[in-house]
J.: 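I am attaching a structure below and will ask some questions about it afterwards.
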2 protein chains.
Amino acid sequence: MKTAEHLHACGVKPSYTRMRIYEYLHNHHDHPTVEHIYGALKDSLPTLSKTTVYNTLKLFLEKHLVRELIMQNQAHYDIVTDFHAHFQCNNCHTIYDIPMQREHVVNGNVEAHHIEDVQLTYRGICRSCQQTTQVE
Amino acid sequence: MKTAEHLHACGVKPSYTRMRIYEYLHNHHDHPTVEHIYGALKDSLPTLSKTTVYNTLKLFLEKHLVRELIMQNQAHYDIVTDFHAHFQCNNCHTIYDIPMQREHVVNGNVEAHHIEDVQLTYRGICRSCQQTTQVE
DNA sequence: ATCACCTCTGTAATGATTACAATTTTATAA
DNA sequence: TTATAAAATTGTAATCATTACAGAGGTGAT
């Protein structure tokens, strides 16, 4: 589906800026931060303001177009796809997607409450860093 | 076990300040923040500095005496007990402990990496707020 | 007593995020 | 088209949790 149509279908007016931000997220699944997105787009959108990136992501979040993932005091964003967990390496800070079914982590113990979001994150040393780096 | 002995056993020299902070955590399992701990102790420890609370919690964290739980850009602390998940209400911001076995959320998909910490958090509207509050 | 080391303190800096008011753009109506 | 209202975008300033840092205070060993 075209970006404009998809935004429209989710209740977001598809301005040029919003489409560019959405498309950046669509093409980059490495959990970018506001800084990443702003840095990547500011050359081709010279008037872009960081506040606009914040505002747009907040809007996308409300409309459930993106998912927010807060790791070490910084928000990372990902377009909404299947539920999955995340592993972040304490050494290289890469965030890996980890397959996980939502049903698997939502059980009777929590269903007394109304769940709007589930976040499962692991931290540690990733496979790659274990093999190539000495971490003391 | 006495606080002093326990800190010592974990490699932390049991100064008076450290014991008081540890005991506060031991007696308050409502996931306090630095602000909470500082606010609660400053009357009986008039020279206490907020930096000391930060430093002490960082030390406790390294020695695995406490667990850090970052929710909406603020760190919350809990003395280490059994593994469990957390639910935070978007309305009243209370954090509930949710029973959950660690083995249940650590499976083959993530074990390629070396895991140091696992965090499973739910957000939504808690049972109490659903019954007593209209949330639009 | 001296010295080194650890603990604690207070202020200043950092850095992500939000508030806000102004400006620009877009949509709507006359 | 022009006027006007509404929405989107912008830049600056404020906020707030956390960290850096340098100095003060305490403790223990020799």
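These numbers were taken from a predicted model, which means no experiment stands behind them. The basis for the numbers below is simple: all heavy atoms, side chains too, and nothing from hydrogens, waters or symmetry mates.
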J.: Under a 3.5 Å threshold, yes or no: a donor from one side chain and an acceptor from the other, between A/His6 and A/Thr3?
T.: no
J.: Is it the case that the base of D/dT9 and the side chain of A/Ser15 share a donor-acceptor contact (distance under 3.5 Å, atom types as modelled)?
T.: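 A donor-acceptor contact between them is absent.
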J.: Within the structure, does a side-chain N or O atom of A/Ser49 lie under 4.0 Å from either OP1 or OP2 of D/dT9?
T.: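 A/Ser49 to D/dT9 OP1/OP2: no side-chain N or O under 4.0 Å.
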J.: When you measure from the side-chain N and O atoms of B/Tyr54 to the phosphate of D/dT18, is any distance below 4.0 Å, counting only OP1 and OP2?
T.: yes
J.: When the distance from CG of B/Asn73 to P of D/dC16 is rounded to whole Å, what number comes out?
T.: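 It works out to 13 Å between those atoms.
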J.: Could you tell me how far apart A/Leu59 (CG) and C/dT18 (P) are, to the nearest whole angstrom?
T.: 14 Å
J.: Find the distance B/Tyr38:OH to C/dC8:C1' and express it as a whole number of Å.
T.: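 Rounded to whole Å, this separation is 13 Å.
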J.: Compute the ring centroids of A/His86 and A/His76, then answer whether they are less than 6.0 Å apart.
T.: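 No; A/His76 has its ring centre 6.0 Å or more from that of A/His86.
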J.: Can a side-chain donor-acceptor contact be found between B/Tyr24 and B/Arg20 if the only test is distance below 3.5 angstrom?
T.: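 Note: B/Arg20 and B/Tyr24 side chains miss the donor-acceptor criterion.
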J.: Map B/Glu68 and B/Lys13 onto DNA chain D by nearest heavy atom, then report which one ends up closer to the 5' terminus.
T.: B/Glu68
J.: In whole angstroms, how far is the P atom of C/dC8 from the CE atom of B/Met19?
T.: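 So the CE-P distance, B/Met19 to C/dC8, works out to 11 Å.
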J.: Go nucleotide by nucleotide along DNA chain D from the 5' end; which of A/Thr52 and B/Thr51 gets its closest nucleotide reached first?
T.: A/Thr52
J.: What integer distance in Å separates B/Ile70:CD1 from D/dT19:C1'?
T.: 14 Å
J.: Measure CD/A/Gln72 against P/C/dA16 and give the value in whole Å, please.
T.: 11 Å
J.: Does B/Lys50 reach a base, just sugar-phosphate, or nothing at all? Heavy atoms under 4.0 Å.
T.: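 Since no nucleic acid heavy atom lies under 4.0 Å of B/Lys50, the category is nothing.
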J.: Between P on D/dG26 and CG on B/Leu45, what's the gap in Å once rounded to a whole number?
T.: 15 Å
J.: Quick one about A/Tyr77 and A/Glu68 (side-chain donor to acceptor, distance below 3.5 Å, no hydrogens or angles considered), yes or no?
T.: yes
J.: In whole angstrom, give the distance that lies between atom OH of B/Tyr16 and atom P of D/dT27.
T.: 14 Å
J.: Tell me what B/Thr33 touches on the nucleic acid: a base, only sugar-phosphate, or nothing, going by heavy atoms under 4.0 Å.
T.: nothing
J.: Answer with base, sugar-phosphate or nothing: what part of the nucleic acid does B/Thr47 contact at a heavy-atom distance below 4.0 Å?
T.: sugar-phosphate
J.: For residues A/His113 and B/Tyr96, establish whether the separation of their ring centroids is below 6.0 Å.
T.: yes
